[in-house]
Amino acid sequence: MALVPYDENVLPSLSKLHSSSAEFRFAERRIRLAQDWRGGGVAAVVWDAAVVMCVYLELGRVDLKNRTAIELGAGTGLVGIVAALLGADVTITDRSSALEILEANVKENVPPQLQGAVRVSELTWGEGLARYGPGGYDLILGADIVYLEETFSDLLRTLEHLSSENTEVLLACRIRYERDQRFLSMLGNRFSVQEVYYDSQRDVHIYRAVKTDTKAEL
């Protein structure tokens, strides 16, 4: 979501993020993603939450075949790419400044026969939502998108717009601060929320949320 460049000398422990690419193996395929820490900051590198989300999807606990999915704050697009490789029809979204690297990674890692099942689209949370059908997705995916408190209301509004009562929302995140818990509380006022997976090595939680009948205003 946010494009915040960091000085690699300030955060030497994050040196893997400064590489120009990152490689993974999911869905029986080698995935090589371009990264651009210096130019794009946190939105242009792969974070652990995205890797854990892909592990969870590959476990088969979520039905992806022929389902419509949308990834929010996609960054490099790892989660959306893996979802497509596992059979979903995926819209991969982020702010406009992140789209170039997203499009390049999709082109590089999604085979020609699946390219028609993946699209990259601009989405700033809370803005221009009419371009996306209300309740139009079976699955909403977000990895490490809960971290800026000023975006929480817009993110929640976006989740509500995109969801029907049959939509599954999967959010992978670390619980770093009190504000992260506050977002989960906000989410719980509109959705039924449960933790479905925890990677203790990476300290990443995955939460599943399903829309309730609550119609409280933001």
Side-chain angles (χ1 to χ4, degrees), residues 1 14-37 40 42-94 98-121 123 137-147 162 167-174 194-209:
M1 176 69 177
L14 301 181
S15 58
K16 67 179 181 180
L17 302 177
H18 305 145
S19 172
S20 62
S21 65
E23 291 191 20
F24 306 91
R25 187 163 186 85
F26 288 111
E28 300 182 347
R29 293 186 64 90
R30 172 180 168 272
I31 298 172
R32 182 180 176 88
L33 299 174
Q35 297 190 131
D36 185 12
W37 174 276
V42 298
V45 295
V46 180
W47 294 93
D48 283 347
V51 177
V52 173
M53 178 72 85
C54 292
V55 169
Y56 182 75
L57 295 179
E58 200 169 44
L59 288 173
R61 298 181 186 178
V62 181
D63 182 16
L64 291 168
K65 292 289 187 183
N66 302 314
R67 297 186 79 194
T68 57
I70 184 168
E71 184 185 2
L72 305 181
T76 60
L78 177 62
V79 171
I81 289 168
V82 170
L85 295 175
L86 292 172
D89 185 279
V90 186
T91 300
I92 304 177
T93 72
D94 210 317
L99 298 190
E100 183 177 355
I101 195 168
L102 263 177
E103 290 170 344
N105 283 336
V106 167
K107 184 176 181 180
E108 175 70 21
N109 293 284
V110 177
Q113 66 271 24
L114 294 180
Q115 287 281 339
V118 186
R119 62 212 54 82
V120 172
S121 182
L123 175 56
Y137 298 91
D138 300 315
L139 188 64
I140 300 172
L141 303 168
D144 220 350
I145 62 175
V146 178
Y147 61 93
L162 298 173
T167 302
E168 291 181 85
V169 179
L170 290 176
L171 299 177
C173 58
R174 283 199 177 108
Q194 65 179 133
E195 184 174 339
V196 294
Y197 189 75
Y198 177 61
D199 184 314
S200 59
Q201 182 178 358
R202 296 182 176 92
D203 190 26
V204 171
H205 305 258
I206 296 182
Y207 297 94
R208 178 182 182 269

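Numbering starts at 1 and runs along the sequence shown. Remember, it's a predicted structure, so these values are computed and weren't measured experimentally.
- Applying the salt bridge (charged side-chain N to carboxylate O under 4.0 Å, His left out) test to every pair with at least one member in residues 103-112, sequence neighbours left out, gives no pairs at all.
- By the 4.5 Å heavy-atom criterion applied to side chains, Gln194 and Val196 are counted as neighbours.
- Looking only at distances, no side-chain donor or acceptor of Thr91 sits under 3.5 Å from a matching main-chain atom of Ile70.
- Residues Asn109 and Arg29 fail the side-chain proximity criterion, which asks for heavy atoms closer than 4.5 Å.
- Side-chain N or O atoms of Thr68 include one that pairs as donor or acceptor with a backbone N or O of Asp138 at under 3.5 Å.
- When all heavy atoms of Thr167 and Tyr137 are compared, the pair lying nearest together is OG1-O, 2.6 Å.
- By the side-chain contact (heavy atoms from CB on, under 4.5 Å) test, Pro112 is found to be paired with no residue, residues two or more places apart in sequence or in another chain being considered.
- Glu23 is linked by a side-chain contact (heavy atoms from CB on, under 4.5 Å) to Arg30, Arg32, counting only residues two or more places apart in sequence or in another chain.
- For Arg174 (side chain) and Arg202 (main-chain N/O), a donor-acceptor pair under 3.5 Å exists by modelled atom type.
- When each of Ile31, Val82, Val46, Ile81 is checked for a side-chain contact (heavy atoms from CB on, under 4.5 Å) with Cys54, only Val82 meets the rule.
- Pairs of residues two or more places apart, or lying in two chains, never qualify as salt bridge (charged side-chain N to carboxylate O under 4.0 Å, His left out) while including a residue from residues 50-60.
- Between the side chain of Asp199 and the main chain of Val204, no donor-acceptor pair closer than 3.5 Å is present.
- With sequence neighbours left out, Asp89 forms a side-chain contact (heavy atoms from CB on, under 4.5 Å) with Ala117, Arg119.
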Verdict with reasoning, Leu85 to Phe26, per side-chain contact (heavy atoms from CB on, under 4.5 Å): CA-CA 8 Å; Leu85 295 175; Phe26 288 111; 5.8 Å; no
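- Heavy atoms from other residues, nucleotides or ligands lying under 6.0 Å from CD of Glu28 number 12 at most.
- Residues satisfying the side-chain contact (heavy atoms from CB on, under 4.5 Å) criterion with Ala69, sequence neighbours excluded, are Ala88, Val90, Leu139.
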